[in-house]
Every structure is written in structure tokens, then in C-alpha cells.
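Side-chain atoms are counted along with the backbone in the values below, which use heavy atoms only and exclude waters and symmetry mates. Read the numbers this way: they start at 1 and go in the same order the structure lists the ligands and their atoms. For this chain, numbers begin at 1 and follow the sequence in order.
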Amino acid sequence: MRTGFVTVAGRPNVGKSSLVNRMVGTKVTITSPRPNTTRHRIRGVLHRPDAQVVFVDTPGLHRPRTALGRRLNDAAAASLDDVELVVALVDATAAIGPGDRLVLQRALGAAPGPGEPPGVLVAVNKIDRAGRGQVLERLASAAATVEELAGEAGETWRQEGVEYFPVSALTGTGVDELVRAVVARLPDGPPYYPEGVVSDTPEALQVAELVREQLLRRVREELPHSIACRVTEWEWPLVRCEILVERASQKAIVIGAGGEVLKAVGAAVRAQLDPGVYLDLVVRVEKHWQQRHDVLDRLGY
Ligand code: GDP
Ligand code: MG
């Protein structure tokens, strides 16, 4: 059986989490149109008769501005170590930019020597929103960038074996081909997880993430970065989840007029949990939590 760890890397918002969910076939990680939605390294496990692939979803690689941002970026960079393969994701709807270059550079740089893992597969995502010509151009310019980066490093072996895949995490187009290529690159070995286990995220963290996902869908532009969620009590059927914001004005927005936002969030999350759960959402103001290492530690970032 082929088994291994595969990191999905890319700048914020290219669709890493969506692709991991699609490849695993289950929602194991939350997604949203906001950049920097993913704050934890989340593993999603694909089980097949011939293979077990552990996909590692990561925060996007970016230039950080806060203590939280630095931690996310470090986690993303560290997740390129100790894996068998890297899937570097770029966006078909935007030209290859400095952010993508950085991702490709890190991905290529992860291999310690010629022929040693991790190999790199480049996927051009969101092809459902791009024209054919645009997709071809992205594939070509991704390949040109890879060659350029390997050349600049004076290590042309780094570009060898890199393959390119047009995909849509949204519709699933091209994803089977990508997964086949991933599996073909993995070594033989024993499975890492028992059958049926699709994620190693603790349930409490999954619930906190689902709450944050629903909040991200309902609050205005400036708020998403200010929100953090943490389950503080798990006494089934009672699950209490704390929502941290940075200012009293944000607290009011998260609660909504007459509590309507919180109610809608609670209902949408409950619909994804086992029936019978009593979900209690508590909003708390914690000034500048993004800059406070003690709070970041408590949140597990
Ligand atoms: P991440 O930050 O890289 O993990 O990106 P997400 O998976 O959270 O996706 C960011 C946004 O892009 C979300 O609104 C997704 O629905 C959207 N998205 C992801 N993949 C695709 C795709 O293949 N096509 C389209 N049209 N949208 C996508
Ligand atoms: Mg993500």
C-alpha cells in the first residue's frame, strides 16, 4: 500500500482547504472567501484500497503583520518539512505573482537533495472561473517560474519531475488526475491512520472551527481577523464555545440585532453536528489578542 504525507501549500485564498476537502471527500477543514481563514495545520486522510494519503492543509504563506500572522506563516513553512510530497497551488484567475513565487520557491527548496522527497506537483486551481487560454497561460508561466527559480538557485535538478495539473476544487474537475499522480509518487508503507479516520483534529477544535466558519460568512470585511473561537466546555450534550473579538463594537456585530447573527451561526453549526447537542455561544472582548502570545498559546495557534 502506498502511504505518505502531502502538504498543500499556496498563498492565502488560492483554495488549499477546498482542495483538501475535495481530495479527502469529506469536509475536514473550513473554507471562506477571506484570506487567512485556516489557522491550524489540519490533516485530512484519504483512504483507498491501494493507498492512504495524509493531506496537510496549511495556513497560506504570506508576509505577516501580526504575531498571529507570524505564527501562521511559520506553521505553513514548517509543514513543508517531513512530508513525502508538496502540492503547490496557484490561482488560475490571477497572474503568477510574488506570493506564488515565494510558495513555489519554498516548495522546490523543501527537497534536501536530488531524487529526495518532497517532490513537487503544481496545481492551477479555480479553472472553472478561467478561460482555456488563461489556464494554459498559467500552467506555462508556473512552469517558467519553476525553471527560473531552480536556475537561480543553480540547482536545476529541483525542477525535474515537477508536474502541472489544471484543477477545480469547487467542481472537482481534474482532481482525480491530481490524486492519481500524488498516489503514484508515494512510497510503500503501512497506513498511518485506522480505516474511517478522515481527520486528526480533535472534536472540540472542529466545532470551534465550524463556529468561526459561520461567523466569517456573516460579518463585515474588517472583522474576520479579529475573531477567534475556542470550546471552553464539553459536557455532552452541552458544548460551550467562546468567541473572542477585540472590541466592544465587534461584540455587538457578532451578536447581531436581537441576537440574530449568533442564532443563525448556532443553527448552521448545529446542523453539522450530532443531533441533540446544546451549543452555547459566548462572545468575549479580549483586546489585541492577535498580538498577545498568551492568548495565542491558549488558542493553540
Ligand atoms: P485557502 O485560503 O487557500 O484555504 O482557500 P479556501 O479553500 O478557503 O478558498 C478560498 C475561496 O476560494 C473560497 O471562497 C472558496 O469557495 C473559493 N474556491 C476554492 N477553490 C475554488 C475553485 O476551484 N473554484 C472557485 N470558483 N472557487 C474556489
Ligand atoms: Mg485554508
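Annotation for ligand 1: atoms under 4.0 Å from non-hydrogen atoms of P33 are 13 (C), 14 (O). Contact atoms of ligand 1 toward R129: 26 (N) (distance under 4.0 Å to a heavy atom of the residue). Near G15, the atoms of ligand 1 lying under 4.0 angstrom from a non-hydrogen atom of the residue are 1 (P), 3 (O), 5 (O), 6 (P), 7 (O), 9 (O), 19 (C). The S32 neighbourhood of ligand 1 comprises atoms 8 (O), 9 (O), 10 (C), 11 (C), 13 (C), 14 (O), with distances under 4.0 Å to a heavy atom of that residue.
Residue contacts with ligand 1 for N125 involve side-chain atoms from C-beta outward but no N, CA, C or O (heavy atoms, distance under 4.0 Å). Neither the backbone nor the side chain of P35 has a heavy atom within less than 4.0 Å of ligand 1. Counting heavy atoms under 4.0 Å from ligand 1, residue T31 touches it through both backbone and side chain. Contacts between K16 and ligand 1 below 4.0 angstrom, taking non-hydrogen atoms only, involve backbone and side chain alike.
Distance from atom 2 (O) of ligand 1 to its nearest protein heavy atom, with residue and atom name: N13 N, 2.9 Å. Looking only at heavy atoms of the protein, atom 24 (N) of ligand 1 is closest to D128 OD1, 2.7 Å. Protein heavy atom in closest approach to atom 19 (C) of ligand 1: S18 OG, 3.4 Å. Scanning the protein heavy atoms around atom 23 (O) of ligand 1, the nearest turns out to be A169 N, 2.9 Å. The single protein non-hydrogen atom nearest to atom 12 (O) of ligand 1 is K126 NZ, 3.1 Å, given as residue, atom name and distance.
V211 and L299 fall into different hydrophobic clusters, defined by Ile, Leu, Val, Met, Phe, Trp and Tyr side-chain heavy atoms under 4.5 Å apart, directly or through other members. Residues L139 and I127 share a hydrophobic cluster, clusters being chains of Ile/Leu/Val/Met/Phe/Trp/Tyr side chains in contact below 4.5 Å.
Looking at E286 and R284, a side-chain N of the basic residue comes within less than 4.0 Å of a carboxylate O on the acidic one, giving a salt bridge. A salt bridge between D100 and R11 is present, with a side-chain N of the basic residue lying under 4.0 Å from a carboxylate O of the acidic one. The pair R240-E235 does not meet the salt-bridge criterion, since no charged nitrogen lies less than 4.0 angstrom from a carboxylate oxygen.
Residue I127 has no nitrogen or oxygen atom sitting less than 3.5 Å from a nitrogen or oxygen atom of ligand 1, judged on distance alone. Among the atoms of P12, none of the N or O lies under 3.5 angstrom from an N or O of ligand 1. At least one N or O atom of S17 sits closer than 3.5 Å to an N or O atom of ligand 1.
Ligand 1 is approached by V14 to a heavy-atom distance shorter than 4.0 Å. Residue-ligand proximity: G60 is placed with every non-hydrogen atom at 4.0 Å or more from ligand 1.
For the pairing with Y301, the side-chain hydrogen bond (donor to acceptor under 3.5 Å, both in side chains) check across Q290, R71, R39 returns one residue only, R39.
Rounding to 10 degrees gives 90° for the angle at the Mg ion (ligand 2) between OG1 of T38 and OG of S17.
A donor-acceptor pair under 3.5 Å links the side-chain atoms of K16 to the main chain of G10, judged by distance alone. Remark: side-chain polar atoms of T171 are paired, donor with acceptor, to backbone N or O of T173 under 3.5 angstrom. Distance alone, capped at 3.5 Å, is enough to place a donor-acceptor pair between the N73 side chain and the H62 backbone. Side chain of W289 to backbone of A228: no donor-acceptor contact under 3.5 angstrom is found. In this structure, the side chain of N125 engages the main chain of V14 through a donor-acceptor pair within 3.5 Å.
Between F5 and Y192, the ring-plane angle classifies as perpendicular under the 30° and 60° cut-offs.
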